[in-house]
Amino acid sequence: MFNNLSDKLDKALHVLKGHGSITEVNVAETLKEVRRALLDADVNFKIAKDFTTRVKEKALGQNVLTTLQPGQLMVKIVKDELTELMGGDAEGINLSGNPSVILMSGLQGSGKTTFSGKLANYLKNKKNKKPLLVACDVYRPAAIDQLHVVGGQIGVEVYSDKGNSDPVAISKAGIAHAKANGYNIVIIDTAGRLAVDEAMMTEISNIHKAIKPQETLFVVDSMTGQDAVNTAKAFNDVLNFDGVILTKLDGDTRGGAAITIKSVVNKPIKFIGTGEKMEAIDVFYPSRMADRILG
Ligand code: GDP
């Protein structure tokens, strides 16, 4: 995960790590390298620039040049700033409803259906909940079948209505089914398209207004870099969602999406997907991610 970024940051900070004393020139050079590493990881220019400016200000504020181990202090400052950029403390999901309704949004292929299954499995096994999955992709029968396969794997019921072409009606019926049968979580998997378009946004917005979910989650493929950030912005403008799910972090992703998405939409990353299996889900902790990136 983020190997390239980790290597580059390590190299940038290495110069300082070994030194007992460092100069302003060392610091400036290092920050330039840090910025380059962030840009290479597909972090946008302004965010990378602001990041290094903040690190510099903190370093000056803490008199980094006169401390005993300036290198280590710089690494700590970079780590703290990275944590802050990715979202500070971890936030959970709102499970206060009865049932709690969780609406999944995102583009086709982002990993929505897979993540719906992972989340159902996680809530069932780790939080002792009784989830119901609801299939609302009315355009692709294969997507409904896929959710049934996922449900079968994890032993979670899937509500679907293949002849029905109204996702609002299906989601409402799914929630009614949950209430009638003692489910306390409803996870609604919706239709995505390959790119942001008006019809998709209108549809998800109509579902959102009709069912008023406790939690609206936006799922995005971390491999898509800056596109991930732009898509997040488009969905957030329409849904004002509660959190982001970053998928495919097990792949060779550069890291830009993970680092920038929080500061662009001001919504926390709540979970990450780290593989195709149902168990490949992790709560997102910004500080652990910063540790991982900085080694
Ligand atoms: P949807 O169209 O948004 O519902 O996306 P899917 O759930 O069908 O996922 C699209 C593809 O990505 C599938 O082949 C999934 O197995 C794969 N996928 C989903 N999440 C992850 C993940 O975290 N890691 C990896 N490597 N693959 C994933």
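Everything quoted here is computed from the prediction, not taken from an experiment. Counting starts at 1 for both ligands and their atoms, following the listed order.
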Point to revise | Heavy atoms from other residues, nucleotides or ligands near CG of D252 exceed 12 (cutoff 6.0 Å) | key: no
Check your understanding: Exactly which residues line ligand 1, taking a heavy atom under 4.0 Å from it as the test?
Key -> L107, Q108, G109, S110, G111, K112, T113, T114, K118, R140, Q146, K248, D250, G273, T274, G275, E276
Check your understanding: Taking S222 for the side chain and A257 for the main chain, is one N or O donor matched with an acceptor at less than 3.5 Å?
Key -> no
Check your understanding: Hey, is the main chain of V101 close enough, under 3.5 Å, to the side chain of K212 for a donor-acceptor pair?
Key -> no
Practice item. Fit a plane to each ring of H177 and Y183, take the angle between them on a 0 to 90° scale, and name the class: parallel (under 30°), tilted (30 to 60°) or perpendicular (over 60°). Key: parallel
Exercise for review: Using a strict cut-off of less than 4.0 Å between a Lys/Arg side-chain nitrogen and an Asp/Glu carboxylate oxygen, indicate whether E57 and R54 qualify as a salt bridge.
Suggested key: no
Point to revise | Full working for salt bridge (Lys or Arg N to Asp or Glu O under 4.0 Å) between R254 and D40 | key: CA-CA 8 Å; R254 287 191 288 167; D40 280 351; over 6 Å; no
